[in-house]
Amino acid sequence: MRLFVATSMRIRGVFAHRRTTCWRSRLPMAAFAGIVGILLAGPQCDVVAEQTKASDRPNIIYILADDMGYSDIGCYGSEIATPNLDALADNGIRFTQFYNTARCCPTRASLLTGLYPHQAGIGHMMDDRGHDGYRGDLNRNCVTIAEVLGQAGYRTYMSGKWHVTKTVQPKDESGKRNWPRQRGFDRFYGTIHGAGSFYDPNSLTRDNQSISPYADPQYQPETYYYTDAISDHAVRFIEEHREEADGQPFFMYVSYTAAHWPMHALEKDIAKYRGKYDAGYQAIRDARYQRMIDLGVIDAESTINWPIPDAWKLTKFLDWDIRNMEVYAAMIDNMDQGIGRIIASLKATGQFDNTLICYLQDNGGCAENYGRGKIGPQREEKPTLPPLADDYLQPDMQPKQTRDGYPVRVGKGVMAGPADTYIGYGRGWATVSNTPFREYKHWTHEGGVSTPMIVHWPARIDRRGELEKTPGHLIDLMATAVDVAEADYPETFHEGQTIKPMEGKSLLPAFAGRPLQREAIYWEHEGNRAVRRGDYKLVAKGAEGQWELYNIAADRSEQNDLATQQPQIVKELAALWQAYAERANVFPLKPRPLGH
């Protein structure tokens, strides 16, 4: 009870100054007042919860985190405090071999459509490379989960990062054809672009309207922080749904930018981790490895905690890099707090038990060197630039200055966290995040494509705290949503356009501990490519890279290449991958952007 009362007070404070202003001519605080009353009423809570159950069909919430490694949350081995995710895992199931696509926007395209990313038009990033698999925009031969479930009577909501269109700053309304509202979502709050400041995000949008976080009449927290804003709007959508559409189930997509660079976090969250990483990269990684074994998410027989090479570790700037990891941990901690508020709102409105919640991550830990290349300047004693107007729309991924006039700084020695910094956490800590796997975001080795997957649904899943070893892929989330929502996946949509068949499999059998029947799982990104059939995985680095073969059941750390020992399996898997690539718009590998 204390948790949700505190949550209600927090949201009430954020929205209190505009109680007469609301999204659909309703009083938004009425929901919170009723919820707090229910909570304080004690024994009546269960009765009310039963009466307010929205539908026999479940609500569905997919939560996606950004640029985090397999071992970065507590129930997968981390020292970072994620009690709310851990509680979902303790009362649900954890997949130990779930996969993404190794990069942010291809993963989002696959999750939303149930297709491999090239089939949806987003085989690389948000630029047009002259081929159907690489247009940088969701095409019209795919449908989103929101479009499908909306046809089945679901209300649909999204809070967070979109990143599946190249049109971030459209010239007119037609340029918004691939924005969330135009792709099936009834409500949207978040960013169209893929990265930006957590204090002043570019492309911030409510529904179809670009907004400034500092001139937003509907949301004015004491300190604007994007992760909090994503969580708070998810909570608000849940509360408003209870008021406006009780009787309808809903689908919600919560798409965080934590913990993508820049390393931005609130001081109250950073303080929890001060000194936590003083032991350095290898000690933290060793401790994680042992906890992962103890938890059962990996085993010692099939993994190797190979030592981090000295060349990947900083020495002269170690204190600075320790600070980067402290901020990274704080970002994840804050996200988990927000997930706790989402959970609390579901409980308070009687919707928790019949809500399917899935949590996962868009790629592995990020070894990109953003903001780390030179020695950075010290912060000026006073602002050196004119302040920005509250209604100024921030256009840049990396702002040139803060709202109050401080230049944004990059480089070694710039202590991450505040709005005037813009730093990535680098290869050493990314290796810790990906314990004990090889490679990172971009690559299709296990460190690039492995994700936690937590599934919680008390009304239908009676497994508590169990591990599920069945391999799965985020293409399966469309099929799962269609299955549990009793929806029909269309053959045509978008005014008669032919829709490509789903690639994924419903995960309902796996939720019950039964195997999934599929031929193989496939990957390609920037020429990095892979296929997994059963326990065998064929993988290569780069368009010209040689195939490597691993038995994942015996060697998940991918240390013992079997390609020369088992050429027949290499031949079979390479043929499978070739057939996939030909039918899924993967070729040509690594096409150049138009005009280059």
Side-chain angles (χ1 to χ4, degrees), residues 60-65 68-78 82 84-102 107 110-111 114 254 288 291-299 302-303 339 355-365 433-437 444-458 460-481 483-484 503-518 520-523 530 532-535 537 552-553 556-557:
I60 303 169
I61 300 179
Y62 289 163
I63 303 173
L64 185 68
M68 289 170 53
Y70 186 78
S71 72
D72 271 335
I73 59 176
C75 55
Y76 280 78
S78 181
T82 55
N84 295 293
L85 286 172
D86 297 350
L88 292 178
D90 287 343
N91 293 284
I93 57 178
R94 280 168 293 165
F95 280 72
T96 61
Q97 298 186 77
F98 211 82
Y99 291 110
N100 51 48
T101 73
T107 279
S110 278
L111 183 155
V254 184
R288 284 195 182 191
R291 277 193 299 271
M292 296 171 80
I293 292 171
D294 294 343
L295 290 167
V297 296
I298 60 169
D299 60 71
S302 65
T303 57
I339 291 170
T355 297
L356 167 62
I357 300 174
C358 298
Y359 166 88
L360 66 163
Q361 297 162 190
D362 68 348
N363 45 247
S433 290
N434 288 344
T435 304
F437 303 145
T444 55
H445 286 75
E446 292 290 284
V449 297
S450 297
T451 173
M453 168 72 158
I454 301 170
V455 180
H456 184 276
W457 186 13
R460 287 285 300 274
I461 299 175
D462 56 12
R463 301 164 72 187
R464 299 291 182 265
E466 294 187 24
L467 301 172
E468 177 54 59
K469 297 184 179 180
T470 298
H473 189 283
L474 51 85
I475 54 171
D476 300 331
L477 295 181
M478 167 68 90
T480 304
D483 196 353
V484 303
E503 291 280 347
K505 303 291 184 180
S506 172
L507 294 171
L508 257 65
F511 293 171
R514 300 193 301 272
L516 301 179
Q517 302 299 322
R518 76 165 98 229
I521 298 172
Y522 303 95
W523 295 267
R532 178 170 174 176
R533 182 184 67 182
D535 290 335
K537 180 181 174 186
I552 296 298
R556 192 158 180 209
S557 295

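As a basis for the values below, the full set of heavy atoms in this structure was taken, side chains included, without hydrogen atoms, waters or symmetry mates.
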Would you give the length of the straight line joining atom [atom1] of [X] to atom [atom2] of [Y], rounded to the nearest 0.5 angstrom?
| X | Y | atom1 | atom2 | result |
| --- | --- | --- | --- | --- |
| D362 | S110 | CG | OG | 11.5 Å |
| L508 | R460 | CG | CZ | 5.5 Å |
| W457 | T355 | CH2 | OG1 | 10.0 Å |
| S450 | N363 | OG | CG | 11.5 Å |
| I521 | R532 | CD1 | CZ | 7.0 Å |
| L88 | C358 | CG | SG | 10.5 Å |

Between [X] and [Y], is there a donor-acceptor pair closer than 3.5 Å when you use the side chain of the first and the backbone of the second?
| X | Y | answer |
| --- | --- | --- |
| R464 | I461 | yes |
| T451 | L360 | no |
| N100 | Q361 | yes |
| R514 | P509 | no |
| Y70 | T96 | yes |
| E466 | I93 | no |

Contacts of type ring-ring contact (aromatic ring centres under 6.0 Å, His included), residue [X], not counting sequence neighbours:
| X | answer |
| --- | --- |
| F98 | F95 |
| Y62 | F251 |
| H445 | none |

Begin with the C-alpha distance, continue with both residues' side-chain angles, and end with the deciding distance and a verdict on side chain to side chain contact (heavy atoms under 4.5 Å, CB included) for Y359 and L85.
CA-CA 8 Å; Y359 166 88; L85 286 172; 3.7 Å; yes
Could you tell me whether R288 and D72 have a side-chain N and a carboxylate O separated by less than 4.0 Å?
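Looking at D72 together with R288, the answer is yes, because their closest N to O distance falls below 4.0 Å.
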Ion pair present between R518 and D476, side-chain N to carboxylate O less than 4.0 angstrom?
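Salt bridge: yes.
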To check you understand the geometry: which heavy-atom pair defines the closest contact between [X] and [Y], and what is its length?
| X | Y | value |
| --- | --- | --- |
| I73 | P452 | CD1-CB, 4.1 Å |
| A553 | S302 | O-CB, 3.2 Å |
| G74 | T82 | N-OG1, 2.8 Å |
| P436 | M292 | CD-CE, 4.0 Å |
| Y76 | I454 | CE1-CG1, 4.1 Å |
| G447 | F437 | N-CB, 3.5 Å |

M68 and S433: CA distance, side-chain angles, deciding distance, side chain to side chain contact (heavy atoms under 4.5 Å, CB included) verdict
CA-CA 7 Å; M68 289 170 53; S433 290; over 6 Å; no
Can you sort out the partners of [X] under side-chain hydrogen bond (donor to acceptor under 3.5 Å, both in side chains), two or more places apart, ordered by chain and number?
| X | result |
| --- | --- |
| D294 | Q290 |
| T480 | none |
| T470 | E468 |

Stepwise side chain to side chain contact (heavy atoms under 4.5 Å, CB included) test for Y522 and E503:
CA-CA 10 Å; Y522 303 95; E503 291 280 347; 6.0 Å; no
Before giving the answer on side chain to side chain donor-acceptor pair (under 3.5 Å), spell out for T107 and T101 the whole-Å C-alpha distance, their side-chain angles and the decisive distance to 0.1 Å.
CA-CA 5 Å; T107 279; T101 73; 2.8 Å; yes
For the residue pair H473 and W523, does the interplanar ring angle fall in the parallel (under 30°), tilted (30 to 60°) or perpendicular (over 60°) class?
tilted
Side-chain heavy-atom pair Y99, M453 within 4.5 angstrom cut-off:
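No, too far: nothing below the 4.5 Å cut-off.
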I want to check something: taking the side chain as every heavy atom from C-beta on, are I298 and I293 in contact at a cut-off of under 4.5 Å?
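Answer yes - side chains close enough.
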Take K537 and T444, measure what side chain to side chain contact (heavy atoms under 4.5 Å, CB included) needs, and give me the verdict at the end.
CA-CA 10 Å; K537 180 181 174 186; T444 55; 5.5 Å; no
